[in-house]
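Only one structure is covered here, and it is reproduced in the block below.
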Amino acid sequence: MTLPNKHIKDYRRLARLLDSGATFTAFDTETTGLNCQTCRIIEIGAVQFNKSGVLRSFSTLINPHQSVPFECSQINHITDEMLAGKPEIQDILPDFLNFLGNSIIIGHNVNFDLRFLNAEMERLSMPPVENQVIDTLSLCRWAFPEQEKYNQPLIAQKLGIIIKNAHRAYDDAFVCGNIFLHCIRHTAALQKL
């Protein structure tokens with residue numbers, strides 16, 4: 001699936017973008033697998049912020065009407081029982097799209113989550129999300145070239161960010177937003193050298 005989103009890759013200007021008053025939404029999904037065509041979103045979590053701090057948050061479980069494979073449950077601890085009776089994706093998307101607005105989306109390996117989001121929208125005959133995006137995976141590779149691995153828990157540990165509930169969408173989004181802010185500070189400090 002081709003994504004329509006423009007990736008912001010001029011990392012040296014991120015501090016100015018934040019200072020300009022831009023609104024960012026760090027977001028994450030949990031899914032029933034890795035293939036956006038056959039698997040479904042089971043959880044969306046997001047934190048919206050600007051230079052003043054957190055503005056609001058979004059978190060919901062979603063009934064995918066398919067079983068959560070054991071391997072996925074082992075990672076995210078989401079079970080079929082937890083999803084029974086939860087809203088369906090078509091009931092969630094209007095609120096989530098309203099929440100996103102025209103904010104800049106941030107995610108760690110963000111294309112994975114955007115593919116799932118846009119696949120769900122396509123199934124509902126809705127246009128894709130076209131917000132600008134920042135991938136913190138790429139940002140961390142640029143900001144910390146000495147790292148060997150760039151998965152979110154390792155980067156969070158390096159930066160002293162506490163992870164309360166890894167592999168749950170809201171917590172992963174919150175950690176991602178903090179990684180973004182740490183990278184901006186790191187970049188700004190390097191530019192002063």
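Owing to the predicted nature of the structure, the values given are computational and were not obtained by experimental measurement.
At least one side-chain heavy atom of S138 sits under 4.5 Å from a side-chain heavy atom of Y11. Looking at heavy atoms from C-beta onward, F112 lies in side-chain contact with L34 at the 4.5 angstrom threshold. Under the 4.5 Å side-chain criterion, counting only non-hydrogen atoms from C-beta, V110 is not in contact with N5. Between I42 and T29, the closest side-chain pair of non-hydrogen atoms is not below 4.5 Å. Between L97 and M121, some side-chain heavy-atom pair lies under the 4.5 Å cut-off. A 4.5 Å side-chain heavy-atom check between N131 and I104 finds every atom pair outside the cut-off. Between V133 and K6 there is no side-chain heavy-atom pair separated by less than 4.5 Å. Two residues are said to be in side-chain contact when any heavy atoms from C-beta on lie closer than 4.5 Å; L159 and F144 meet this criterion.
Distance check: L137 CG to W142 CH2 gives 15.0 Å after rounding to the nearest 0.5 Å. Residue N178 holds its CG atom at 10.0 Å from CD of Q152, rounded to the nearest 0.5 Å. Interatomic distance, CG of D91 versus NZ of K86, reported as 13.5 Å (0.5 Å rounding). Here the straight-line distance linking atom NE2 of H65 with atom CG of L83 works out to 10.0 Å at 0.5 Å rounding. Atom CG of N118 and atom CD of E130 lie 8.5 Å apart (nearest 0.5 Å).
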| task | Output, in order, the C-alpha distance, side-chain angles, deciding distance and verdict of side chain to side chain contact (heavy atoms under 4.5 Å, CB included) for Y170 and I44. | result | CA-CA 7 Å; Y170 177 78; I44 297 175; over 6 Å; no
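Checked by atom type and distance alone, the side chain of T136 never pairs as donor or acceptor with a backbone atom of L139 at under 3.5 Å. Under the 3.5 Å distance criterion, the side-chain polar atoms of D135 are left unmatched by any main-chain donor or acceptor of I106. For the pair E120 (side chain) and I41 (backbone), a donor-acceptor distance under 3.5 Å is present. Judged purely by atom type and a 3.5 angstrom limit, N165 has no side-chain atom pairing as donor or acceptor with the backbone of D171. Panel note: side chain T31, backbone G33; a donor-acceptor pair is recorded below 3.5 Å. In this structure, H108 contributes its side chain and Y150 its backbone to a donor-acceptor pair below 3.5 Å. Using modelled atom types, no side-chain atom of N50 and backbone atom of A22 make a donor-acceptor pair closer than 3.5 Å.
The pair E146-R141 does not meet the salt-bridge criterion, since no charged nitrogen lies less than 4.0 angstrom from a carboxylate oxygen. Salt-bridge check for E43 with R168: passed, with a basic side-chain N closer than 4.0 Å to an acidic carboxylate O.
Side-chain contact of E30 with H167: a donor-acceptor pair under 3.5 Å is absent, judged by distance alone. A side-chain donor-acceptor contact under 3.5 Å links H7 and N111.
Taking the six-membered ring for Trp and the full ring otherwise, F58 and F27 have centroids separated by 6.0 Å or more.
Residue pairs meeting the side-chain hydrogen bond (donor to acceptor under 3.5 Å, both in side chains) criterion with at least one partner in residues 17-28, sequence neighbours excluded, are T25-Q48, T25-S103.
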